[in-house]
J.: 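The structure's right below; bear with me while I get my questions together.
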Amino acid sequence: VIGDLDSISNATTNELKKYKEKFLVPNNSVLIVAGNINHDQIVALVQKYFGVWSGKLNNMSTVVLKPTVEKSYFYTKDIKQTIIACSFYTVPASQTREFLALDLVRTFLIHGSSSVLAEELRHKRGLIYTAGINNANFSDAGLFIIRTATTKPKETVEAIKNVIVDLKNLFTEDILNRVKAQRIGAFKLYIANPYNQTPFLSSGFLDLGRLITPEEYIIEIQSISYDEILYVIDTYLIADKAVITAIGPENFTYLE
């Protein structure tokens with residue numbers, strides 16, 4: 001939920017209407033239909049139900065993002081484990097090649113039960129049960145987020161940072177093709193479901209203003225070079241620049 005108790009409770013009908021008129025407009029939207037459909041029938045239905053939809057997107061001010069000075073944020077909550085997110089600023093949607101290189105790094109770190117993070121944090125150290133990574137991008141910035149839960153948060157964060165520091169040694173050139181095959185295989189399974197086709201296809205229009213087909217995505221993944229992998233690691237995945245956010249029973253970020 002975006003907002004807090006006060007902002008949501010105090011929202012008025014007029015404010016919601018202004019929000020709708022500002023953002024929920026035709027030239028800020030994409031309609032994607034996937035599945036067992038008849039194209040002409042869909043076009044007719046779209047014309048029927050959306051043909052009279054009007055409104056123009058208002059000019060939005062450009063947001064300049066500056067890396068935060070703080071490196072850790074903690075919220076105390078009485079739960080058994082501490083939930084941790086280790087985040088890195090990355091690239092906006094327009095920097096497609098770098099985003100795809102980061103996606104291959106994500107695959108390398110998290111793919112399968114014997115992945116790098118699973119091997120180091122679960123099998124070797126017994127710190128976590130599972131971890132996830134989200135590689136997200138927006139019109140003005142991107143985030144690479146490693147998330148997990150543990151009863152030993154300080155040791156877990158240190159272990160994650162150690163993996164990041166050693167990433168270039170771990171992700172060697174000779175395994176790049178294997179990682180590409182893993183990423184493409186996972187993508188093909190994902191995109192086979194029509195429910196998943198809609199967000200993938202709409203993101204191309206919203207982020208880049210054009211259709212990005214699954215075939216084009218696969219070709220781009222296959223063309224990523226090892227030098228591009230090294231570049232995104234050196235430029236964006238810097239352990240000392242990670243921002244740690246956590247929820248748990250004890251604020252470990254202030255422990256010596």
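These numbers come from a predicted model, not from an experiment.
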J.: Pairs of donor and acceptor atoms involving the side chains of residues 201-209, under 3.5 Å and at least two apart or interchain, shall be tabulated with distances.
T.:
residue : atom : partner : partner atom : Å
Ser202  : OG   : Thr198  : O            : 3.0
Ser202  : OG   : Pro199  : O            : 3.0
Ser203  : OG   : Phe200  : O            : 2.6

J.: For residues 166-181, which residue pairs pass the salt bridge (charged side-chain N to carboxylate O under 4.0 Å, His left out) check, not counting sequence neighbours?
T.: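 As it turns out, the salt bridge (charged side-chain N to carboxylate O under 4.0 Å, His left out) pairs with a partner in residues 166-181, which skip direct neighbours, are Lys168-Asp234.
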J.: Going by side-chain hydrogen bond (donor to acceptor under 3.5 Å, both in side chains), name the residues that satisfy it together with Asp227, two or more places apart in sequence or in a different chain.
T.: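 Counting only residues at least two positions away or on another chain, Asp227 forms no side-chain hydrogen bond (donor to acceptor under 3.5 Å, both in side chains).
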J.: Indicate if Ile110 and Val105 have the same hydrophobic cluster label, given that clusters are the connected sets of ILVMFWY residues with side-chain heavy-atom separations under 4.5 angstrom.
T.: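 Yes, Ile110 connects to Val105 through the hydrophobic network.
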J.: Which heavy atom of Ser29 sits nearest to which heavy atom of Pro26, and what is that distance?
T.: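 Looking at all heavy atoms of both residues, the closest pair is OG-O, 2.8 Å.
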J.: Do Tyr129 and Val116 sit in one hydrophobic cluster, given that two such residues count as connected whenever their side-chain heavy atoms are within less than 4.5 Å of each other, even indirectly?
T.: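 No; tracing contacts between hydrophobic side chains, which count when under 4.5 Å, never links both residues.
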J.: What residues join Leu31 in its hydrophobic cluster, counting side-chain heavy atom gaps under 4.5 Å, either direct or through other members?
T.: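 Noted: Leu31 shares its cluster with Val33, Ile37, Ile42, Leu45, Val46, Tyr49, Phe50, Trp53.
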J.: What's the shortest heavy-atom distance between Leu237 and Ile164, and which atoms?
T.: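 Reported closest heavy-atom pair: O-CG2, 3.3 Å.
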J.: Return yes when atom CG of Asp240 has more than 12 non-hydrogen atoms of other residues, nucleotides or ligands closer than 6.0 Å, and no otherwise.
T.: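 No, the 6.0 Å shell around CG holds no more than 12 heavy atoms from other groups.
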J.: Restricting to side-chain hydrogen bond (donor to acceptor under 3.5 Å, both in side chains), what partner residues turn up for Ser9, sequence neighbours left out?
T.: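 Counting only residues at least two positions away or on another chain, Ser9 forms no side-chain hydrogen bond (donor to acceptor under 3.5 Å, both in side chains).
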J.: How about Leu117 and Ile133: do any of their side-chain heavy atoms sit closer than 4.5 Å?
T.: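 Side chain of Leu117 against side chain of Ile133, heavy atoms only: contact under 4.5 Å found.
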J.: Closer than 3.5 angstrom, by distance alone: can the side chain of Thr148 be matched with the main-chain N or O of Thr130 as a donor-acceptor pair?
T.: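 The answer is yes, because a donor-acceptor pair under 3.5 Å joins these two groups.
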J.: Under the side chain to side chain contact (heavy atoms under 4.5 Å, CB included) rule, collect the residues that match up with Lys152, sequence neighbours excluded.
T.: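 With sequence neighbours excluded, Lys152 shows a side chain to side chain contact (heavy atoms under 4.5 Å, CB included) to Leu127, Thr150, Glu155, given in chain and number order.
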J.: With clusters defined by side-chain heavy atoms of hydrophobic residues (ILVMFWY) lying less than 4.5 Å apart, directly or transitively, does Phe144 cluster with Leu230?
T.: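 Leu230 clusters together with Phe144.
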J.: Can you list everything that forms a salt bridge (Lys or Arg N to Asp or Glu O under 4.0 Å) with Glu216? Sequence neighbours excluded, please.
T.: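 Partners of Glu216 under the salt bridge (Lys or Arg N to Asp or Glu O under 4.0 Å) test: Arg210.
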J.: Quick one: does Phe108's side chain get under 4.5 Å of Ile229's, heavy atoms only?
T.: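 Sidechains of Ile229 and Phe108: no contact.
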J.: Determine which pairs satisfy ring pair (Phe, Tyr, Trp, His ring centres under 6.0 Å) with at least one residue from residues 220-246, sequence neighbours left out, and list them in order.
T.: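 As it turns out, there is no ring pair (Phe, Tyr, Trp, His ring centres under 6.0 Å) pair with a partner in residues 220-246 once direct neighbours are skipped.
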J.: Which heavy atom of Pro249 sits nearest to which heavy atom of Thr76, and what is that distance?
T.: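 Scanning both residues completely, I find the closest heavy atoms to be O-CG2, 3.9 Å.
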J.: So which heavy atom on Phe252 is nearest to which on Pro153, and how close?
T.: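 Heavy-atom minimum between the residues: CD2-CB, 3.5 Å.
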J.: Restricting to side-chain hydrogen bond (donor to acceptor under 3.5 Å, both in side chains), what partner residues turn up for Glu228, sequence neighbours left out?
T.: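 Applying side-chain hydrogen bond (donor to acceptor under 3.5 Å, both in side chains) to Glu228 gives Arg97, Ser225.
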J.: Report yes if some heavy atom in the side chain of Leu104 is under 4.5 Å from a heavy atom in the side chain of Leu176; otherwise report no.
T.: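 A side-chain contact under 4.5 Å exists here.
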J.: Who are the salt bridge (Lys or Arg N to Asp or Glu O under 4.0 Å) partners of Glu120, not counting sequence neighbours?
T.: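 In terms of salt bridge (Lys or Arg N to Asp or Glu O under 4.0 Å), with neighbours along the sequence ignored, Glu120 is linked to Lys124, Arg125.
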J.: Measure from the side-chain N and O atoms of Thr90 to the backbone N and O of Gly142, and report whether any donor-acceptor pair falls under 3.5 Å.
T.: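 Answer holds: yes.
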J.: Is there any salt bridge (charged side-chain N to carboxylate O under 4.0 Å, His left out) pair reaching into residues 98-109, and which pairs are they, with sequence neighbours excluded?
T.: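 For residues 98-109: Asp103-Arg106, Asp103-Arg183.
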J.: Could you list who else is in Ile79's hydrophobic cluster, with ILVMFWY side chains joined at under 4.5 Å, directly or through other members?
T.: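 Joined to Ile79, directly or through intermediates: Tyr75, Ile83, Ile247.
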J.: Any chance OH of Tyr19 has more than 12 other-residue heavy atoms, nucleotides or ligands included, within less than 6.0 Å?
T.: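 No, not enclosed.
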